[in-house]
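The structure appears right after this line, and notes come after that.
Chain A is the first sequence line, chain B the second, and so forth, proteins listed ahead of strands; every chain is numbered from 1.
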Amino acid sequence: MKNEEVARLLREMGDLLELRGENGFKVVAYRRAARSVESMKTDLDEVTRRGDLESIPGVGKAIAAKIDEYLRTGKIESHERLFRETPPGMAELLQISGLGPKTVSMLHQKLGVSTVAELEAAAREHRVRRLPRMGPTSEKNILRSIERWKKRSDRIPLGVALPIAQKILGSLKKVAGIENLTLAGSLRRGRETVGDVDILATSSSPEAVIRAFVELSGVEEVLMKGPTKASVIVDETVQVDLRIVDHRSFGTVIQYFTGSKEHNVKLRHVALSKGYSLSEYSLTRVADGEEIFFDREEDLYRHLGMEWIPPEIREDQGEVEAALARRLPRLVEVSDIKGDLHVHTDWSDGLHTMEDMVYEAQRLGYEYMAFCDHSHGLAIANGLAIDRLVEKMDLIAGLNDEVEGFSILVGTEVEIRADGKLDYPDEILGRCDVVVASVHSGYNQREREMTGRIIEAMESEHVDVIGHPSGRKIGEREAYEVDLERVLEAAARTGTAMEINAHPSRLDLNDRWSRRAKELGVKLAINTDAHSTCGLSAMEYGVKTARRGWLEKGDVINTLGLQDLLRYLHRG
DNA sequence: GCCGTTTTCGGCCCGACTGTTTTCAGTCG
């Protein structure tokens, strides 16, 4: 796909133009076009063939010509020129928090600074404080920002950010006079990674709340602190913002700060088409300037003639249109989940015994759980040879007699070997209630081999679920080369479910592919892949991902009651 | 640079916060 490359070039042009101090709206125009191109489902080649580039939102004559130039020649001359004329390293300076295009340009002109290292040296030698509108404090702040920039990890995985946020919420809840304490931003939308943690609240004494916030234990640095908002750093690199807002505007504020930006832009268009201008404070009737306030988000959406939209799908991927037509899906919820179909025990590489895991699953209110320890091919994880699996089956039968109102399913996470063969013979797989088949080896195969290998596994009548289908680990390892579109087509054909692995470092399938699976009529299983009792609580992350993929209860097999599930699994 | 049943020109979100000023420019979200 050339779309991604074009989007990258356009975004880079936005950055370069910003450094030159170009008109800010022009900068935004390039970035908007980049986002548009990135989220398109059609190839740019095809759009160009239809002569339809200008139909892309945010793409006009000038940018269309540049896209066309790229498709013909493989480059964009004006991009190359901008790139040539900008000293390398300058764009990096924009990443230093507190530095914008104006300051970066000035630093370059007056001090010849064009890299972070040069800026650091200049600040240490007190050359920065002699510049206009600079002083000892800004110099110190620049040095601190550079330190933080050096330690930065890109985006924060949901599995890291959410526990941090919940801890802070827990402490803030105790502050006197605080109300409507709520997460906002990408964390509320359940994105797999977040940039920072946004918290909103209302209070009759905002300053007291802010004071309590910046003094929370765990706060390592206060970036800024005013009467109604503050930003702090916790856990070395995680920025947490707290805003105290007016009670009467809480609905519009929470909507605004939940985003996404694209969703908000679309929502403002809807408002305008109905004669309103939407801001974070109110909905204003354009005709007479009459302001309407909303303390509840639900009322705002309703007033605009649409259903309330769950935060997880606010990405301008059709949710606004669906809400206007009152056709929003009823997204799956944690409380719909009846059991976990992919759990490990100390029989392979899990930490806890079957009994421990059952106890925890019952505590979570589940009806069933499938123990899917590794198969013998995965020796590093103490995979089970056939005789051990058979022995375990007998033990499970005994355990099932002991527990009441709960069923333990015999399962396996069987290796899909490099040649596409499964790691157990059919007669063994046939004795399992649940067979999850996964790839843990030969990650470097070419796309054709990897895709074929997974599809071959799905052809087996015994395979019920493909575990973590893309193999990616967030911030750690890219997905292996696999054509997921073909895999999903095969899943639809063979009636194999895809896993949404709920482990926060996996979330695999991810939100986009989960939605695609649903479109193709593929069922999904949201599993924790827990290797310990506390791992079972990751279900919440998997459900968030499923919700982001527009999944409903009926799309997810482990929302079925035990009898229905067994009927589904054994239907073949 | 984009966009338009209020506009083909003049809009494009704007308020909070900071550090420097002595009234405000720059950054951020």
Side-chain angles (χ1 to χ4, degrees), chain A residues 10-11 13-14 16-18 20-37 53-67 76 78-79 82 93-107 128-142 144-145 184-186 194-200 206-207 210 214 222-232 239-246 249 252-253 255-261 264-265 267-269 271-284 286-287:
Chain A
L10 292 177
R11 185 166 291 124
M13 286 188 77
L16 294 168
L17 289 167
E18 185 173 36
R20 300 192 141 209
E22 278 279 356
N23 179 335
F25 295 114
K26 187 165 165 178
V27 173
V28 171
Y30 273 95
R31 290 181 183 155
R32 200 159 82 85
R35 268 209 309 273
S36 242
V37 166
L53 280 175
E54 287 185 52
S55 72
I56 303 169
V59 174
K61 253 190 179 43
I63 293 184
K66 291 185 173 72
I67 296 176
I76 299 173
S78 51
H79 170 269
L82 275 172
L93 283 171
L94 282 178
Q95 293 174 12
I96 305 297
S97 151
L99 296 188
K102 293 274 179 8
T103 315
V104 169
S105 311
M106 179 178 71
L107 287 165
V128 172
R129 63 175 64 180
R130 293 200 289 268
L131 297 174
R133 299 196 72 85
M134 288 285 166
T137 313
S138 20
E139 206 169 63
K140 210 167 70 213
N141 286 343
I142 284 174
R144 278 166 113 179
S145 288
S186 46
V194 305
D196 57 15
V197 175
D198 287 308
I199 304 175
L200 300 176
E207 297 193 44
I210 294 291
V214 299
V222 179
L223 297 177
M224 68 165 193
K225 168 176 165 293
T228 64
K229 62 181 271 195
S231 296
V232 303
Q239 180 173 336
V240 184
D241 295 345
L242 173 68
R243 282 185 176 73
I244 310 297
V245 302
D246 257 1
S249 292
T252 40
V253 174
Q255 195 291 313
Y256 177 83
F257 282 106
T258 297
S260 66
K261 209 171 271 174
N264 289 356
V265 167
L267 203 64
R268 285 201 293 272
H269 276 282
L272 277 175
S273 75
K274 295 180 185 277
Y276 294 106
S277 141
L278 174 62
S279 79
E280 60 194 277
Y281 294 103
S282 66
L283 196 60
T284 309
V286 178

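Note: CG (Leu278(A)) to C1' (dC14(B)) measures 13 Å, nearest angstrom. Spacing between atom CZ of Arg32(A) and atom C1' of dG1(B) amounts to 10 Å, rounded to whole angstrom units. Put simply, CD1 on Ile67(A) is 13 Å from P on dG1(B), counting in whole angstrom units. Atom pair Asn264(A):CG and dC13(B):C1' shows a separation of 11 Å (rounding to whole Å applied).
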Taking protein heavy atoms under 4.0 Å as touching, what does nucleotides 21-29 of chain B look like 5' to 3' if B marks base contact, S marks sugar-phosphate-only contact and - marks none? ---BBSSSS
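Nucleotides dA16(B) and dG11(B) have their C1' atoms positioned 24 Å apart, rounded to a whole Å. Straight-line distance between the C1' atoms of dG1(B) and dT6(B): roughly 23 Å, to the nearest whole Å. The separation of dC28(B) from dC13(B), taken at their C1' atoms, amounts to 13 Å, rounded to a whole angstrom. Taking atom C1' on both dC12(B) and dC17(B), the two are 24 Å apart, rounded to the nearest angstrom. dC14(B) and dC9(B) are spaced 24 Å apart, taking the P atom of each and rounding to whole Å. For the C1' atom pair drawn from dT23(B) and dG29(B), the interatomic distance equals 25 Å after rounding to whole Å. Rounded to whole Å, the separation between the C1' atoms of dT20(B) and dG26(B) comes to 11 Å.
Take Ala29(A) and apply the side chain to side chain contact (heavy atoms under 4.5 Å, CB included) test, not counting sequence neighbours, and it matches no residue. For the salt bridge (charged side-chain N to carboxylate O under 4.0 Å, His left out) test, residues two or more places apart in sequence or in another chain that qualify with Arg11(A) are Glu38(A). Under the rule for a side chain to side chain contact (heavy atoms under 4.5 Å, CB included), the partners of Lys225(A) that lie at least two apart in sequence or sit in another chain are Ile210(A), Val214(A), Val222(A), Ala230(A). Under the salt bridge (charged side-chain N to carboxylate O under 4.0 Å, His left out) criterion, Arg268(A) pairs with no residue, sequence neighbours left out.
Looking at the side chain of Ile63(A), the nearest of the listed nucleotides dC17(B), dG19(B), dC2(B) is dC2(B). Comparing atom distances between the Lys26(A) side chain and each of dG1(B), dC17(B), dG19(B) picks out dG1(B) as nearest. Closest approach to the Pro227(A) side chain among dC2(B), dC17(B), dT20(B) is made by dC17(B) (side chain taken as heavy atoms from C-beta onward). Of the candidates dC2(B), dG1(B), dT20(B), the closest approach to any side-chain atom of Pro136(A) belongs to dT20(B).
Close to dC17(B), at under 4.0 Å from its OP1 or OP2, lies a side-chain N or O of Thr228(A).
Of the two residues near DNA chain B, Tyr281(A) and Lys66(A), the one whose nearest nucleotide lies more 5' is Lys66(A).
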Every protein N/O within reach of nucleotides 8-12 of chain B N/O, cut-off under 3.5 Å:
none

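Note on Val28(A): nothing from the nucleic acid sits closer than 4.0 angstrom, heavy atoms only.
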